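One structure is given below, encoded as structure tokens.
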Amino acid sequence: MKVLRRSSKAAIWSEAYRRSALSIGFVPTLGGLHEGHLSLVRQARLECDRVAVSIYLNPSQFNSDEDLESYPCDLDADIESCRAEGVDLVLLGQQEDFFPENFQSWVLVEDLARELCGAGRPGHFRGVCTVVTQLFHVIRPHRAYFGLKDFQQAKIVKKLTEELLFDVEICLMPTIRSQDGLALSSRNDRLTETQRAAAPALHEALVEAGNLISSGETSAKAVKEFLLSRLAGVAGCELEYVEVLSAATLGEFPGQVLNTSGEGVLVALAIIFEEVRLIDNIQVQDAGVSDQVESGSEGGS
Ligand code: AMP
């Protein structure tokens with residue numbers, strides 16, 4: 001496994017495999033790797049000849065210095081996890097490669113980035129879209145893997161890939177959860193014991209809301225109110241948003257009347273336990289609630 005710091009070197013690595021007609025799978029990450037990230041790596045390993053992982057704690061997608069500074073970071077452990085999964089290249093992103101001084105060329109996806117996480121975190125998706133674009137140019141993957149835990153991000157990346165004519169297939173993977181339902185996140189380790197014990201209630205509330213929709217509730221307002229009342233009982237958590245939207249457009253359903261056909265309904269939330277921000281979502285389609293449960297390992301990173 002190669003561990004490279006410069007994107008120019010990673011581009012040379014990629015070019016060699018492209019010339020040999022070998023397929024490249026790519027998993028971009030912020031680091032703090034856990035089973036959620038590794039599930040993407042494993043899928044890439046199954047489907048591609050070579051697998052590249054980037055680890056780059058991109059400051060431009062953080063809104064607070066505190067969140068950035070307290071983000072878990074153990075590069076040696078991350079590199080070891082990649083080695084154990086048979087990754088071929090780890091690119092350790094450098095600020096001077098991606099956002100040198102006087103950087104001005106941002107990539108924006110407009111409507112899809114406005115609501116949900118975009119509303120409370122101005123500039124977040126601009127940072128994500130810009131670095132994903134840069135990484136796609138460097139790695140030139142055939143397939144790139146993203147988790148549905150970040151449903152809005154996955155949608156936005158798909159959109160930018162299509163509209164900016166990248167020749168890369170975006171593969172979306174289910175959310176990996178702890179056995180108690182909490183979606184794995186690098187931030188989970190920052191929860192206190194009490195917060196960690198309370199956190200599975202988020203997923204429970206989402207599943208109950210999903211069941212409500214599956215059993216025929218069509219009012220977005222009623223589902224939202226149900227969720228708000230369930231979440232009001234979760235000790236110590238402050239709500240950033242709860243939304244019940246079209247999973248296809250991330251917009252409201254006409255007349256707020258839910259429709260589970262096609263991509264169906266997205267029920268999404270973001271909450272904050274003191275400084276720790278957690279997001280989660282489920283999708284409800286005609287076939288039922290897909291809360292993307294798989295058995296992940298306990299803990300976050
Ligand atoms: P991050 O390092 O948080 O930017 O995540 C890198 C990739 O891993 C993104 O595509 C995330 O959606 C994905 N990811 C993070 N947590 C999970 C999880 N619990 N299950 C599945 N994918 C995840």
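All of these numbers come straight from a predicted model, not from anything done at the bench.
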ask   = More than 12 foreign heavy atoms under 6.0 Å from CG of D167: is that the case here?
value = no
All side-chain contact (heavy atoms from CB on, under 4.5 Å) counterparts of A198, not counting sequence neighbours = V234, F273
ask   = Distance-only, no hydrogens or angles: does the H124 side chain make a donor-acceptor pair with backbone N or O of Q61 under 3.5 Å?
value = yes
key: L38 side chain reached by S81 side chain, heavy atoms, under 4.5 Å   = yes
inquiry  = Under the ring pair (Phe, Tyr, Trp, His ring centres under 6.0 Å) definition, can you give me all pairs with a residue in residues 164-191, not counting sequence neighbours?
reply    = F136-F166, H137-F166
side-chain contact (heavy atoms from CB on, under 4.5 Å) between L92 and L4, intermediate numbers included = CA-CA 6 Å; L92 303 176; L4 299 175; over 6 Å; no
message = If I take atom NE2 from residue H142 and atom SG from residue C171, how far apart are they, to the nearest 0.5 angstrom?
response = 12.5 Å
message = Among residues at least two apart in sequence or on other chains, which ones pass salt bridge (charged side-chain N to carboxylate O under 4.0 Å, His left out) with D88?
response = R45
ask   = What are the two closest heavy atoms between V27 and H37, and how far apart are they?
value = CG1-O, 4.5 Å
ask   = Checking side-chain contact (heavy atoms from CB on, under 4.5 Å) for the pair W13/R50: CA distance, chi angles, key distance, verdict?
value = CA-CA 10 Å; W13 174 91; R50 295 291 179 271; 4.0 Å; yes
query = Is any NZ, NE, NH1 or NH2 atom of the basic residue among E275 and R187 found under 4.0 Å from an Asp or Glu carboxylate oxygen of the other?
reply = no
Nearest heavy-atom neighbours spanning A205 and R230 = CB-CB, 4.0 Å
request  = Following the transitive rule for hydrophobic clusters with a side-chain heavy-atom cut-off under 4.5 Å over Ile, Leu, Val, Met, Phe, Trp and Tyr, establish whether V3 and V41 coincide in one cluster.
outcome  = yes
message = How close do Y145 and C48 get, counting heavy atoms only, and between which atoms?
response = OH-SG, 3.5 Å
ask   = Is there a donor-acceptor pair closer than 3.5 Å between any side-chain N or O of Q285 and the backbone N or O of G262?
value = yes
query = Hey, does L184 have a side-chain heavy atom less than 4.5 Å from the side chain of R177?
reply = no
ask   = Sub-3.5 Å donor-acceptor pair from the side chain of Q283 to the main-chain atoms of E263, do we have one?
value = yes
message = One pair to check against side-chain contact (heavy atoms from CB on, under 4.5 Å): L258 and V223. What are the steps and the verdict?
response = CA-CA 10 Å; L258 303 176; V223 176; 3.8 Å; yes
Separation of K149 NZ from N281 CG (nearest 0.5 Å) = 9.0 Å
query = Nearest 0.5 Å, what's the CG-NE2 distance between L269 and H203?
reply = 10.5 Å
inquiry  = Would you say that I282 contacts S290 through its side chain, given a criterion of any heavy-atom pair below 4.5 Å between the two side chains?
reply    = no
request  = State the CZ-CD1 distance between F146 and I156, to the nearest 0.5 angstrom.
outcome  = 11.5 Å
message = List the residues meeting side chain to side chain donor-acceptor pair (under 3.5 Å) with S70, not counting sequence neighbours, and say none if there are none.
response = R190
inquiry  = Contact between S178 and H34 at the side-chain level, heavy atoms closer than 4.5 Å - yes or no?
reply    = no
query = With a 4.5 Å heavy-atom cut-off, do D78 and E80 have their side chains touching?
reply = no
inquiry  = Nearest 0.5 Å, please: how far is OG1 in T175 from CG in D150?
reply    = 8.0 Å
ask   = Closest approach of I55 and G31, non-hydrogen atoms and distance?
value = CG2-CA, 3.7 Å
query = Can you name the residues that form a side-chain contact (heavy atoms from CB on, under 4.5 Å) with R6, not counting sequence neighbours?
reply = S8, K9, E96, D97
ask   = Mind checking whether L191 and L206 sit in one hydrophobic cluster, side chains of I, L, V, M, F, W, Y counted as touching below 4.5 Å?
value = yes
note = The complete set of ring pair (Phe, Tyr, Trp, His ring centres under 6.0 Å) pairs with one or both residues in residues 70-96, sequence neighbours excluded, reads F62-Y71
ask   = So if you build clusters from Ile, Leu, Val, Met, Phe, Trp, Tyr with side-chain heavy-atom gaps below 4.5 Å, do V242 and I272 land together?
value = no
Using a 3.5 Å cut-off and no angle test, enumerate the donor-acceptor pairs between side-chain atoms of residues 16-26 and protein atoms at least two apart in sequence or in another chain.
unit_1: R18; atom_1: NE; unit_2: R140; atom_2: O; d: 2.7
unit_1: R18; atom_1: NH2; unit_2: R140; atom_2: O; d: 2.9
unit_1: R19; atom_1: NE; unit_2: E15; atom_2: OE2; d: 3.1
unit_1: S20; atom_1: OG; unit_2: A16; atom_2: O; d: 2.8
unit_1: S23; atom_1: OG; unit_2: D49; atom_2: N; d: 3.0
unit_1: S23; atom_1: OG; unit_2: D49; atom_2: OD2; d: 3.2

key: Counterpart residues, salt bridge (charged side-chain N to carboxylate O under 4.0 Å, His left out), relative to E169 (two or more places apart)   = R143
ask   = For E240, what residues pass the salt bridge (charged side-chain N to carboxylate O under 4.0 Å, His left out) criterion, not counting sequence neighbours?
value = R277
task = For E225, enumerate each residue passing the salt bridge (charged side-chain N to carboxylate O under 4.0 Å, His left out) test, keeping only those at least two apart in sequence or located in another chain.
result = K221
request  = Provide the closest heavy-atom pair for V51 versus V87 in the form atom of the first, atom of the second, distance.
outcome  = O-CG1, 3.6 Å
query = Which pairs pass ring pair (Phe, Tyr, Trp, His ring centres under 6.0 Å) with one or both residues in residues 86-112, sequence neighbours excluded?
reply = Y56-F98, F99-F103, F99-W106, F103-W106
task = Check the pair I213 / V267 against side-chain contact (heavy atoms from CB on, under 4.5 Å), numbers first and verdict last.
result = CA-CA 10 Å; I213 299 168; V267 187; 3.8 Å; yes
inquiry  = If you define the side chain from C-beta out and look only at heavy atoms, does anything of N63 sit under 4.5 Å from D67?
reply    = no
task = State, with a plain yes or no, whether a side-chain heavy atom of K155 is found less than 4.5 Å away from one of K159.
result = no
task = Look at the side chain of K158 and the backbone N and O of Q153, then say whether any donor-acceptor pair between them is shorter than 3.5 Å.
result = no
request  = State yes or no: do V131 and L91 share one hydrophobic cluster built from I, L, V, M, F, W and Y residues joined by side-chain heavy-atom distances below 4.5 Å, directly or via other members?
outcome  = yes
ask   = Under 3.5 Å, side chain of T130 to main-chain N/O of G127, donor-acceptor pair present?
value = no
inquiry  = Would the distance check show the side chain of T192 and the main-chain N or O of Q195 forming a donor-acceptor pair, the cut-off being under 3.5 Å?
reply    = yes
note = From the list L202, V276, I279, side-chain contact (heavy atoms from CB on, under 4.5 Å) with I271 holds only for L202
ask   = Side chains of S246 and T249: donor-acceptor distance under 3.5 Å anywhere?
value = yes
inquiry  = Run the side-chain contact (heavy atoms from CB on, under 4.5 Å) test against L116 and tell me which residues pass, sequence neighbours left out.
reply    = Q152, Y241, E243, L245, L250, L266, A268
Any donor-acceptor N/O pair, E217 side chain to S215 backbone, under 3.5 Å = no
inquiry  = Same cluster or not: L75 versus L68, using hydrophobic residues (I, L, V, M, F, W, Y) connected whenever any side-chain heavy atoms lie under 4.5 Å apart?
reply    = no
query = Looking at A183 and N188, what are the two nearest heavy atoms and their distance?
reply = O-ND2, 3.0 Å
message = Rounded to the nearest 0.5 Å, what separates atom CG in L40 from atom OG1 in T29?
response = 9.5 Å
key: Heavy-atom side-chain contact between S186 and L30 under 4.5 Å   = no
inquiry  = Could you check whether any side-chain N or O of S14 sits under 3.5 Å from a backbone N or O of A10, counting only pairs where one atom can act as donor and the other as acceptor?
reply    = no
